[in-house]
Amino acid sequence: MATTAGAEPEEEIPNPFERLQPNGADKGNGAVLHPNGTGSEATDFVSGGAQESATDDGDTSEDYDDMQLDPQTMVANSRKSMDEAYRPAGRPYSSQGESKKRRESEPVSDFMLQKRNSIQIRLEKTDRKGRYVLLADDPEIKEILRKGIERQEDEAGSKKSRRRFRDLVFTRQFTTFDRQNQSASQSAFFGFFTLFWIAMVLLFVQVAMHNYRDYGSILGTNQIAKMMFSHDLLVLGLTDGVMCATCAVTMFLQILVRRGWLHWEKGGWVVQNIWQSAYLGAIVGWTYFREWPWTHTIFVVLHGLVFLMKQHSYAFYNGYLSGVYRRRAALERKLKQLEQTEPIASPPSSPVATRQSPTDYTTSADRRGSWANGTNGTAAKQRPSMAHRTGTNFSKETSNVATIAKAIENGSPIDADEMSTFSSIIQAEITDLSRELQGKATSPSNSYPHNLTLFNFFDYICMPTLVYELEYPRQEFINWWYVAEKMTATFGVLCVMMVISQAFIYPPVAKTVAMKQAGMPIDARWREFPFIVSDMLFPLLIEQLLTWYLIWECILNVLAELTRFADRGFYGDWWNSVTWDQYARDWNRPVHNFLLRHVYHSSISTFHLSRNAATFVTFLLSALVHEMCMAVMFKKVRGYLFWMQLGQMPLVMFSRSKLMRDRRVLGNVIFWVGLFVGPSFLTALYLVI
Amino acid sequence: MASNGNDIQQPRPRKAVNPQVERAYKQELNAPSLTIPERTPAGTPAPPDDAPPSVIATSAARRELRKKTKGRMFPTVEYQHRVSYFDPRSDYSNFRGFFVLFWIGLGIMATTSILRNLKEAGTILSFRQWPLFIENIWELAISDLLMAASTGVDLPLNKLYKNSKGWLRWEKGGMFVQCFVQAIWLYVWIAWPFARDWTWTAQVFFTLHTLALFMKMHSYGFYCGHLATTLQRLKQLDLPINPKTPTTAAVRYPRTFPFPETTPTDGTADEHHREDNSDDDENISPIIQLRNDLAKELTSPLGNTTYPHNLTVSNFLDYLLCPTLCYELEYPRNPSRNYLELFYKTLAVFGCIFLMTITSEEFIIPVLDESHLRLQTAPTLIDAALIFAETVSSLLFPFMVTFLLVFLVIFEYVLGAFAEITRFADRQFYSDWWNSLDWLEFSREWNIPVHNFFRRHVYSASRGVKLSRPVATGITFFISAVAHELVMGCITRKFRGYGFILMMLQMPFVMVQRLPWVRRRTLLNNVLFWICMIMGLSLLCALYVLV
């Protein structure tokens, strides 16, 4: 590249070229390659306004249907990839139509793929003596510069579009029914909440009184408790402990990956998947082998699934980070190599390839605009994607960094200016990768390779979340009174559930079993079917509500309090759901988050599925897992739940149709009828047939 | 206050500030710079623009409260455009799903019992109570119409009070005539179902309707009577003023400001003098001021009607249909009727009655029948007590459901339907009583029309004759308890006083709950409230039926 002659060369040099000066390097620091890569995420989750960010989250993270997807996304939605893979379509650029003619004279994209070793530069005399205008025609440089400018403009102008999608923002919030939640305890319908619990207690007392009169004990004949506590309780506890401990295998796999003994993208994820399958298989097999009652089985299987999801998230996130880490190391090597290279003297002798009218270089602002707009059409499409985040093989890449790396590799002659440009670009990329490695951690000491410790892993295992992040918002201290209160609530709810199932669910179930044992023909049993369903409607609804309350309000809150986990968004207001997909999103937020990140978006990025197909895959997986739970509970595979769950998809489409869109109350009614009738219908189906 | 765009008042959040004060406060905050330092009614200068919010708020509250108190002689009820909690337009939709669940639960309960009936009896539903409903239906309808028509006696009576110059004037004999007529009216219509020996369902409807119409009559008679006096006073001021003309102030002002008490000058009352001080422009003569006040009293709150013009048949009929028990010259109205909403509400009324019938048919009557038999054969008192306790416990849930249904059917649907018919805009028929902390709060919140009536015509009236607050509250409670006992007696034909005793027991209970350290435990108080509510209803029913 040419140097300029004269006393004050910088003054007249066109503005974009300032970036070529060494001191301009830190301006282009963030992400030359990722025009809107640097975001406000780091500040997002430390901000304390729980309520505000909660609603914000609701607006953004659920909004993925309107997003335009970048199909090249490699690893599903680590926070950065989400940020870039999903952006609103048609983001406006500043000064759009300013210089169309210029674009025609710059067929940049065609040149992008060609390898150029020398850059053509011309010097133009200005009317003042000793001052020159430096012009470079090299499309690569132009492209790089253009991106730098674009990025700057993006940062200035499009904060909003960047915030459109944020992957999983963890904030400080409380659950809806929590006593600590101000807005809930001040709610206008607080009294009905009290009424519900009083009704539960009275129900308990009523049943207990009847049992005492009839059987002499408040628990009655108590088959369910006997079944739960008589058999293999110690083995159950041991199994659970072993399940928890063997999770560490995933962590050791990640340590292997980190040490480089296992390459995540080549073999690591296969090993991980094999391990996960084996893990699940072992659990299910073990329950069959021990011939456990269904209560033991379902507990172990569900807990095992939770561990499985945790391991999956941990492994895939860390595996992805390992790729980023390797790339950063490779780039650092390249940078060192670059520094060792001797710059060649720069001959300003290259012939001028294309003459451009000097009027294009009249003012700096105009130039900036034209630089930014020159390749606008191609720029939006060629956004560097996650594929470049983890790759270490630069010869196959087409990004700028890769081009530079190739240039370094080939030992092609580089002059001093080029060198500073290259090093600043590589620096920028390295900074960007480092930020990726730091993830949501607030300090670099928690960033990627440092998090692979046993403490961090088991901390994560204990936390009530299924999505691994390097750091979560934490509380300052543990409120032991709160823990005690929730523990009491847990056991109280368990007692109520036990009594209800003993008093109201056990009799019809026992009836069906007796019917089968008496050898009743199928049509006679079928005639009994509606009455069994109707007998179980109310108790099963109450059981369902209580189970939900027990897990998502009591147990998860206890866990969160013990681990000082501050984000209590375990559920949304699913009771107001209008469609089934809304319910699926809201009633179980941890699993929803897991599915969204590791199934929905992964399937889109790795298998290049369409959105609808990805939704279908997610539903299918969820339905399969549910059916598996039913299978281990009833020891038979009938697929009723499976088909009913898949049947929700057309229902969702129906509820999105024009006919249903504005009928919120009707939608809610349909939802509740389904939720009301569903469980007892299913149970009766599995029992009777 | 939350408002959803078009200025409809939402039901208040749990603990709200006085809406008027808040509105005034907002005005004060929004347009402080427009007002040049004027003299507020109290004679204190308006706070400067940069005054701290506390000062502004105090000033606003002061002015607003004065304005309000000054507004009317007769205690007023503030009617405004409002929606109820369960209205679809209400802002409180964060738990609406559970409301839907409640209805679906009831619907499924009905379906289940139909199924069971089909299986056992082969018919869809066997209403054993059905004869109860239809037995006196025509007689009931005719009597009801007659009763409603007979309230019309108020109208000629009030014209009489207005026009009379002699002993029939309201403050002389008119009031007694009115009381006498009302007493006879009440006696006749309460005794009528007993004389005709109606079924209890017909009787409970009729008695409740009698009481409602009685309250309407009372409110109409006494408010219009008061206005008749006011009109006469206003007309007297047109004549040359002599010492006999009553010039006592029309409005009583609160003694909130430590003004130096100057001696009354020309024989006017103490209050009159204060009025001088506190008026907007102080150089108005007392007579003009008095005339203004009286004229204001005769005009409706919205300013569209004045007193004697309201004594028409159409106005009275409209008042009878309006879902309120307090007569006002004018109510805020909606611009149009929503017939779809009316249809839904009517449907909901019948749906609720259907559900209540099923509940009582399935869960209440069998239990009561069985316990009745067992009680007759119970050998010892302890056995009887146990059977009684068991009955109470098994009636808990049906009664809770019935109670909630009765609440909904009356306060959300029947009153809502009538409000829709008359385009009555103030739908605040209940407040959030389910969050109540004590019984006083509950009695204030769960039945706002009756609460307003009691506050206006019983409590304030007793306060008017110089009774202390607790005594006035006690009297209010007493009358309410008597009315409830009357209803219970009409249903069961037994006047045992259980309901009366339980209601009066609430008074000491409230006093305990008002102790500071009990008062703070809001959750505990709410729990206690609900337990008492559920237990109380079931206990009352068991007591009246079985004992």
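Below, chains carry the letters A, B, ... as their sequence lines are ordered, and counting in each starts from 1.
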**Student:** Please classify the contact of A/V677 with chain B as side chain, backbone, both or neither, using a heavy-atom distance under 4.5 Å.
**Tutor:** side chain
**Student:** Counting only heavy atoms not in B/F442 (residues, nucleotides, ligands), do more than 12 fall under 6.0 Å from its CZ?
**Tutor:** yes
**Student:** Quick check on A/R663: does its CZ atom have over 12 non-hydrogen neighbours (other residues, nucleotides or ligands) under 6.0 Å away?
**Tutor:** no
**Student:** With only heavy atoms counted, which part of B/S394 is less than 4.5 Å from chain A, the side chain, the backbone, both or neither?
**Tutor:** both
**Student:** Between A/V201, A/V533, A/V205, A/L203, who has the most heavy-atom pairs with chain B when the cutoff is under 4.5 Å?
**Tutor:** A/L203
**Student:** Closest heavy-atom contact between A/M209 and B/S393?
**Tutor:** CE-OG, 4.0 Å
**Student:** Verify side chain to side chain contact (heavy atoms under 4.5 Å, CB included) between A/T194 and B/N435, making sure each step is shown before the conclusion.
**Tutor:** CA-CA 9 Å; A/T194 319; B/N435 296 329; over 6 Å; no
**Student:** Check each atom of B/M533 against the heavy atoms of chain A and say whether the ones under 4.5 Å are side chain, backbone, both or neither.
**Tutor:** neither
**Student:** From A/N576 CG over to B/L101 CG, what is the distance, rounded to the nearest 0.5 angstrom?
**Tutor:** 11.0 Å
**Student:** Below 4.5 Å from any heavy atom of chain A, which atoms of B/F397 appear? Answer side chain, backbone, both or neither.
**Tutor:** side chain
**Student:** Among the options B/L396, B/L404, B/I108, pick out the one with the most heavy-atom pairs lying under 4.5 Å from chain A.
**Tutor:** B/I108
**Student:** How far does CD of A/Q206 sit from CG of B/L395, to the nearest 0.5 angstrom?
**Tutor:** 9.5 Å
**Student:** If I measure from the heavy atoms of chain B, does A/L541 come under 4.5 Å with its side chain, its backbone, both, or neither?
**Tutor:** side chain
**Student:** What closest approach, in Å, do B/V527 and A/I198 show between heavy atoms, and which atom pair accounts for it?
**Tutor:** O-CD1, 3.5 Å
**Student:** Within a reach of under 6.0 Å around CD1 of A/I522, are more than 12 heavy atoms found that belong to other residues, nucleotides or ligands?
**Tutor:** yes
**Student:** Where does A/R664 contact chain B at under 4.5 Å (heavy atoms): side chain, backbone, both or neither?
**Tutor:** neither
**Student:** Could you look at A/F531 and say if it's the side chain, the backbone, both or neither that has a heavy atom under 4.5 Å from chain B?
**Tutor:** side chain
**Student:** Less than 4.5 Å to any heavy atom of chain B: does that hold for the side chain of A/I542, its backbone, both, or neither?
**Tutor:** neither
**Student:** Heavy-atom distances under 4.5 Å only: say whether A/L537 touches chain B with side chain, backbone, both or neither.
**Tutor:** side chain
**Student:** Ignoring hydrogens, what is the shortest heavy-atom contact between A/S534 and B/L115? Give both atom names and the distance.
**Tutor:** CB-CD1, 4.1 Å
**Student:** With no hydrogens and no angle check, is any side-chain donor or acceptor of B/W530 less than 3.5 Å from a backbone partner on A/G191?
**Tutor:** yes
**Student:** Could you give the distance from CZ (A/F192) to CZ (B/F102), rounded to the nearest 0.5 Å?
**Tutor:** 8.0 Å
**Student:** Counting only heavy atoms from other residues, nucleotides and ligands, does the tally under 6.0 Å from CZ of B/F98 exceed 12?
**Tutor:** yes
**Student:** Please classify the contact of A/F538 with chain B as side chain, backbone, both or neither, using a heavy-atom distance under 4.5 Å.
**Tutor:** side chain
**Student:** Do A/W575 and B/V100 have side-chain heavy atoms sitting under 4.5 Å apart?
**Tutor:** no
**Student:** So do B/I104 and A/L675 actually touch side chain to side chain, heavy atoms under 4.5 Å?
**Tutor:** no
**Student:** Any heavy-atom pair between the side chains of B/D432 and A/F190 that's under 4.5 Å?
**Tutor:** no
**Student:** By a 4.5 Å heavy-atom criterion (distance strictly below it), what part of B/L386 contacts chain A: side chain, backbone, both, or neither?
**Tutor:** neither
**Student:** Begin from the C-alpha positions of A/E528 and B/K119 and carry the test side chain to side chain contact (heavy atoms under 4.5 Å, CB included) through to its verdict.
**Tutor:** CA-CA 10 Å; A/E528 279 298 305; B/K119 188 186 170 194; 4.2 Å; yes
**Student:** Report the option among B/M109, B/E390, B/M535 that has the most heavy-atom pairs separated by less than 4.5 Å from atoms of chain A.
**Tutor:** B/E390
